[in-house]
Amino acid sequence: AIRWLRENGVRLAESQRLQFLSNETTASFADISPFVVQPVPLEVTEGSVARFTCQVTSNPPATITWELDQSTLPLETDRITVLPNGALQIQNVQLEDAGKYRCVATNIGNRVKSRKATLSVINQGSAPKPRQRPRIIAGPQNMTASLHYTVVLECVATGNPRPIISWSRADSKPIDVFNARVLGSGNLVISDVKPQHSGVYLCRATTPRTCNYTIATANLTVLEPPSLVERPESQTRPRAGTARSCARLREEVHLNGRIKMYNSKLVITQITTEDDAIYQCVAENEQGSALSLARLIVVMSEDRPSAPRNIHAETISSSAILLAWERPIYNADKVIAYSVHYMKAEGLNNEEYQVVIGNDTTSYIIDDLEPAWNYSFYMVAYMPMGASRMSDQVCQHTLEDVPLRTPELSLTSHSPTDIQVLWQPLPTKLSRGHIWAYRLSYRTAADATVLSVELAQNNTQYLLGDLQPDTVYLLRISAATRVGWCEPSSWTSHRTPKTSSIKVPPAPLLQQLEPLNCTSILVRWQPSPGSVVVQGYRLCYHEEGQPEHGIVKVKLLALSLVGDGYQADQTLSTPGCVSIRDHPVAQPPSPDHVSAVVNSSSAVYLRWSRPAFASRKVVSYTARCTPVGLMNVSAIRYIQTTNQNVVIQGLEPNTRYELVVRLHADQLSSPWSSVVHQRTLPAAPSRPPEGVRVSLIEDGTALVSWREPEENNLAVTHYTILYASQRAWLAGHWQIMQRRVRSNTMVLLERLEPGNVYLVKISASNLMGDGPFSTTVELALGPGPRHRGKSPRHSDSGSSSDTSGYYYHMDQKSMTGLMVGVCITLACIAICALILINKGRSRYISILIFFIYFENTFI
């Protein structure tokens, strides 16, 4: 048994060389809950994929099995896979797979069964299956796993032909082939996970022998118990000295003005005999703990003075307190100096301050205190051989003062004649006492007359009514303690809405602005309830004052098709950012080794390295992603993270982006890193070609023309043209032509057989895959070589087919009329020539008039 005894410090009862403590042990009972997720009925086609899921909460973890019509299924076959998370996957579903499925969860103490779910299989017969792009129906999920556990990243995809599933890492590192295997048709199982297994994993489903694929991603985080990189060392220190010990401590050590923690180091100042002890260093997380011990020995001088006596404190002002005392009784003539120690009496882990003064005085004024605070004081007398004990502590309260700053206003309008004013109570450090009143002042921008309203201290909002519509109002507020009023805030402008019968969106619910660091502010809002559809938002802001102590004013309003909505206004005092030119520490360097990897059409994996510099605080990063040639600032993406990598999602396909990173530490921001450019991969076409038209240009040859799909940033590499006669189409046989993209979008179909009706459809493709086919267009050929047949029917316009047929029949009539007219004209000319020769001129004129009348009538 190990025992510890403490008596005027810590003493070991059994062994002075003991160097370990026992870890905590947790006892729990076996239990299993009802099913949190129940399987649901499915209806799938023969040859596709079926997937059932179930979930329970169990301690210890339950074993999941599945039953089909009350018969247990195997955990893994060529087509059936049961994952540890409870998912059941059935590949290449057959008709005999239809039935009622049930999930069974078992642990050492219990066994529960889920509801039954019916799987219905649709028989497609002998008809050929259309080609389908790969689609991931169950992708991997973000996971957090403990060290040495086994994780399963699920990936199930459908398509025709059946897609091939492969795995990779976003950081291009190889997957651990010793600990990883593929379960079923594409699920990745990683056994005995270690920290190096953490990262972003990509599941890729690819159509065989093509570049057509789709991607799903998931992040795996591996947790590990802590370890002590630097262990504490035993130390010997004199009375009133300072001891520093490395590593993190249990909360049992009470932190105060003398005892603090800085970056996992325990620092004890003004050491007393009570600090002589053995200290236990404990590093803990959910995965475990690490322990270590160190001894602090306090050396005392036998000829030390006694402590100063009769400490007395008296308040002078809101920032000054007079401290007086009497000299020590013992060895007072050997005292060479006194040290005054003071700190705030309320709160935890307050900073303790020390002032050293000479031995020729017994009073001192501390004049750097904060108003309206309780302070505690004690003193220590020093001689060349050591220091005295601490004196008795005394407490004293500073006086109130006027508030240091005014509250920050938030302004909204609910109607054209009112302004809702909101503000937050001032924190204690800014109020410098008890706030007992607020004064709200307002006027119009065009009128210098100021109106004021005084409100009690418990008010944090006020509604100004009976205002003028469509008018700019200026508002400001001031606060008061019993000492007096502070300086009012700067004027904040707000325009009341216009009076209109058109209903526009109400003002968004603008939440409190949050400063993230010296250069970034987070703006959050919620849409206000209303019947008007909001198309977007307009956010405006401007800064006032100096960069180190400025004010940011934010305006936000909703946009709709009927007009701009009511606006919300809010002000924010920026945090006390440290000016680079005034700060003694150099500006932190930019992140280096910035690189970007693209694995999809909508995401970029950005990573970087932390530069070599010292910082006592947590380092954070801001990544910025900007489309090259940007015209709309709303497309700029800012991502805040404490990691050294980030996946930027929701990007446009086939778009070139500019990526930079900056670092934030100790209220300082680094410059932006060097620029990295990366282009997202093009997306597979999601729309078919437009305006497909088929025209017969001669016997057995037709011209097919179309337009590119109407998509932004679409890169089409080739088109696939499928055509077949009606009889071949019924048999499922298509003839395939591919047209590489050049300068036109036309192709000739030759050797068409007369008397057939041909069907034509087109799809666009690129390196990422094939797009959907257009609506089928028909072309009817006549039985003979001279017969033109019916004109094609176009799917893009209901009237285009009729119009085309009209022009075709009009050409036939025109040709027939032209031939008849030419024949009649030649006959009339011959008759006129004969008349001129045989009858004379007068008879010719009469006949010529008849000819002209005949020609105009029949031609």
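Along the sequence shown, residues carry numbers from 1.
- Under the 3.5 Å distance criterion, the side-chain polar atoms of N179 are matched with a main-chain donor or acceptor of S191.
- Not a single donor-acceptor pair under 3.5 Å links the side chain of D401 to the backbone N or O of R432.
- Panel note: side chain S318, backbone P371; no donor-acceptor pair is recorded below 3.5 Å.
- One side chain, S339 or H341, offers a donor N or O that lies under 3.5 Å from an acceptor on the other.
- A pairwise comparison of heavy atoms in N643 and W608 identifies O-CZ2, 3.2 Å as the closest pair.
- More than 12 heavy-atom neighbours from other residues, nucleotides or ligands sit within 6.0 angstrom of CD on Q354.
- Under a 3.5 Å cut-off, the side chain of Q570 and the backbone N or O of Q511 do form a donor-acceptor pair.
- Checking side-chain atoms of S601 against main-chain N and O of P682 turns up no donor-acceptor pair under 3.5 Å.
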| request: Could you please spell out the steps behind the side chain to side chain donor-acceptor pair (under 3.5 Å) verdict for H664 and S669? | output: CA-CA 4 Å; H664 309 285; S669 297; 2.8 Å; yes
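- Looking at heavy atoms from C-beta onward, L659 lies in side-chain contact with Q678 at the 4.5 angstrom threshold.
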| field | Candidate pair E652 and N654, rule side chain to side chain donor-acceptor pair (under 3.5 Å), full reasoning | value | CA-CA 7 Å; E652 294 293 328; N654 196 27; over 6 Å; no
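- For the residue pair Q649 and S602, no side-chain donor N or O sits within less than 3.5 Å of a side-chain acceptor on the partner.
- Each of L153, L202, N187 was checked for a side-chain contact (heavy atoms from CB on, under 4.5 Å) with W167, and the lone residue meeting it is L153.
- Using modelled atom types and a 3.5 Å distance limit, the side chains of S590 and D592 yield no donor-acceptor pair.
- Put simply, the side chain of S319 never gets that close to the backbone of D368: no donor and acceptor are under 3.5 Å apart.
- One side chain, R169 or Y201, offers a donor N or O that lies under 3.5 Å from an acceptor on the other.
- Distance alone, capped at 3.5 Å, places no donor-acceptor pair between the K555 side chain and the H542 backbone.
- Looking at R405 and E487, no side-chain N of the basic residue comes within less than 4.0 Å of a carboxylate O on the acidic one, giving no salt bridge.
- When atom types are taken as modelled, the side chain of N766 and the backbone of A683 share a donor-acceptor pair closer than 3.5 angstrom.
- A search for salt bridge (Lys or Arg N to Asp or Glu O under 4.0 Å) contacts involving E658 returns R624, not counting sequence neighbours.
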| How far apart are the C-alpha atoms of E408 and T571, what are their side-chain angles, what is the distance that settles it, and do they pass the side chain to side chain donor-acceptor pair (under 3.5 Å) test? | CA-CA 6 Å; E408 295 162 352; T571 59; 5.7 Å; no
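- At least one side-chain heavy atom of L651 sits under 4.5 Å from a side-chain heavy atom of V604.
- For the pair L606 and V594, the minimum side-chain heavy-atom distance is below 4.5 Å.
- In this structure a side-chain-to-backbone donor-acceptor pair under 3.5 Å is present from T398 to A372.
- R524 places a side-chain heavy atom less than 4.5 Å from the side chain of E514.
- A salt bridge is absent between R607 and D171: the closest approach of a Lys/Arg side-chain nitrogen to an acidic carboxylate oxygen does not fall below 4.0 angstrom.
- Between the side chain of S146 and the backbone N or O of Y149, no donor-acceptor pair lies under 3.5 Å.
- In this structure, the side chains of V193 and H148 stay at 4.5 Å or more apart for every pair of heavy atoms.
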